[in-house]
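What you see is a predicted model; the values in this text were computed from it and never measured.
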Amino acid sequence: MTLRENPCGCRDETPTAAPRATADPRATADPRALADPRATAGGTPPCACPGRSHRGRAWAELLRLPALFSVPGDALAGAAATGASPNTRTLLAIASSLCLYEAGMALNDWADRDVDAVERPHRPLPSGRIRPAAALTAACALTGAGLALAAVAGRPALAVATPLAATVWAYDLGLKHTPAGPVAMGTARGLDLLLGAAATTGSTRPALPSAALLGTHTLAVTTVSRQEAQGGSPLPPLAALATTALLTRLVTHRSSDGPTRGRRPATGHGPATGRFPATGRFPATGHRPATGRGPAAGHGPATRHRSATGHRPTDLRADRYPGAMRSPGPASSPSRRPPWSQGSGALLTTALTAAYAATTARPYFHATLNPSPPLTQRAVGAGIRATIPLQAALTARSRGRATALLIAALAPLGARFAKKVSVT
């Protein structure tokens, strides 16, 4: 048997046997040459792979392209946590995250090429479809591109992207097989969310709670993934199942406490209804309605038109138009929102959180009952896919309903492509 490397980089095993003495001249030809007219005159069989498409699939497997659908939600959730709408800098943060994520994927296979040669010989590097030097070069180039894009987004974004890149390289080259590995991976995912906040507004403090929740989910998934090749104890998937339940509780319980887009600071303007307190007094800030009138001006009618509830009307028309009692504020403030709008945000958060729990609960439970490699790999894949509904739930909790729906739409796309290329 002869091992030959085809021009595309794959290896082909061609059986070599002495030709039989027969009257049929076709007996000395390779059977594949008879079935495929592309065979050369010398009897050399054609490459079994489709050339460029084969190389493209190899790189898709190396970079785990379906997992990319779980990346944009990090930056979008970080932007929503600050109460700001996505802008051009948010898009730069997403592009930076994609580059750094793929750099980690290429570096991961380069660092594990010897282990994969034993446990996963079908992977692109052990099978010879991609050279190790090419994978390392891609990791370096993608890291540089990610940092450059973050620099364009601004200094705050670069200040977050730099430790993010360092964490990715530290995990792949040294921390992966240590107890600190899952913590490093969870930290990287949390920093990715903070990257979106820093690029959008320059501040990361409002996004810290969301980053902690998303990082905890990633820590649980990474802990389960450490035994996906050989199987092991049922404790990691059981702990991941408990973590999913805890995160579900935290996200839904605090959905009404998250930052509100466009919310005005507390200046004494009364409750969230936008009306003045029922004490008949103006806010402590000293602002009076823009009527140009007041008791000191001697305008008695403004005093006589006080309502029975103690509210001071804005002008003489206040008794006829109660809407004039509302305090001024931006159009996106709670006082300008209809009641059903706030309720829909809570319902959307609950629905997305339920989708997150449903994506992981069953695979984690099966891996707990039988922690075999196939079921463990299925649980890891479900955990990666569940990142998207969790990002969407965190975004909806921060009153970014439209952005949350956009993130949620990435989930079916990721699941569709995951059927063609594995995410683990």
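Interatomic distance, OG1 of T243 versus OH of Y364, reported as 8.0 Å (0.5 Å rounding). Distance CG/L191 to OG1/T162: 10.5 Å, rounded to 0.5 Å. Rounding to the nearest 0.5 Å places CZ of R189 at 5.0 Å from OG1 of T218. Rounding to the nearest 0.5 angstrom, the gap separating the CD atom in E61 from the CE atom in M105 is 13.5 Å. How far CG of L390 is from OG1 of T248: 8.0 Å, rounded to the nearest 0.5 Å.
A cation-pi arrangement, defined by a distance under 6.0 Å to the six-membered ring centre and an angle within 45 degrees of its axis, is absent between R57 and W59.
No side-chain donor-acceptor contact under 3.5 Å links D112 to the backbone of V115. In this structure, the side chain of R397 does not engage the main chain of T349 through any donor-acceptor pair within 3.5 Å. Remark: side-chain polar atoms of Q227 are not paired, donor with acceptor, to backbone N or O of T376 under 3.5 angstrom. In this structure, the side chain of T178 engages the main chain of L175 through a donor-acceptor pair within 3.5 Å. Judged by distance alone, the side chain of S96 and the main-chain N or O of L92 form no donor-acceptor pair under 3.5 Å. One N or O on the side chain of S70 and one on the backbone of A67 form a donor-acceptor pair closer than 3.5 Å. Of the possible donor and acceptor atoms, none in the side chain of R129 sits under 3.5 Å from a partner among the backbone N and O of A58. Side-chain N or O atoms of T223 include none that pairs as donor or acceptor with a backbone N or O of P236 at under 3.5 Å. Formation of a donor-acceptor pair under 3.5 Å by the S233 side chain with backbone atoms of L235 is found in this model. Within the 3.5 Å criterion, the main-chain N or O of A404 finds no donor-acceptor partner in the side chain of T395.
A heavy-atom distance below 4.5 Å is found between the side chains of I388 and I407. Contact annotation: the side chain of L193 approaches that of S210 to within less than 4.5 Å [non-hydrogen atoms, C-beta and beyond]. Contact annotation: the side chain of L410 approaches that of P72 to within less than 4.5 Å [non-hydrogen atoms, C-beta and beyond]. Contact of the D192 side chain with the L100 side chain is not registered, since no non-hydrogen atoms from C-beta on lie closer than 4.5 Å. Put simply, the side chain of L173 reaches to within 4.5 Å of the side chain of W110, judged on heavy atoms. Contact of the D109 side chain with the P124 side chain is registered, since non-hydrogen atoms from C-beta on lie closer than 4.5 Å. For the pair L214 and L247, the minimum side-chain heavy-atom distance is 4.5 Å or more. At least one side-chain heavy atom of P126 sits under 4.5 Å from a side-chain heavy atom of R123.
Of all heavy-atom pairs spanning A184 and T167, the tightest one is O-CG2, 3.3 Å. Minimum interatomic distance between A81 and P206 (heavy atoms only, all atoms of both residues): O-CB, 3.6 Å. In plain terms, the two heavy atoms of L238 and T368 that are nearest each other are N-OG1, 3.3 Å. Closest approach of L195 to A157, counting heavy atoms only: CD1-O, 3.3 Å.
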field: Derivation and outcome, salt bridge (Lys or Arg N to Asp or Glu O under 4.0 Å), residues R64 and E102
entry: CA-CA 8 Å; R64 296 174 174 86; E102 291 294 45; over 6 Å; no
- request: Take I384 and F69 through the test side chain to side chain contact (heavy atoms under 4.5 Å, CB included) and record every step on the way to the result.
  value: CA-CA 10 Å; I384 296 175; F69 290 95; over 6 Å; no
- request: Go through the steps for N108 and K176 under the test side chain to side chain contact (heavy atoms under 4.5 Å, CB included), then give the verdict.
  value: CA-CA 9 Å; N108 175 78; K176 182 190 307 182; 2.3 Å; yes
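Using a 3.5 Å distance cut-off with no hydrogens or angles, the side chains of S97 and D74 do not pair a donor with an acceptor. For the residue pair T353 and T252, no side-chain donor N or O sits within less than 3.5 Å of a side-chain acceptor on the partner. Under 3.5 Å, the side chains of H217 and T387 contain a donor-acceptor pair of N or O atoms.
No more than 12 heavy atoms of other residues, nucleotides or ligands lie within 6.0 Å of CZ in R378, so this atom counts as exposed by the packing criterion.
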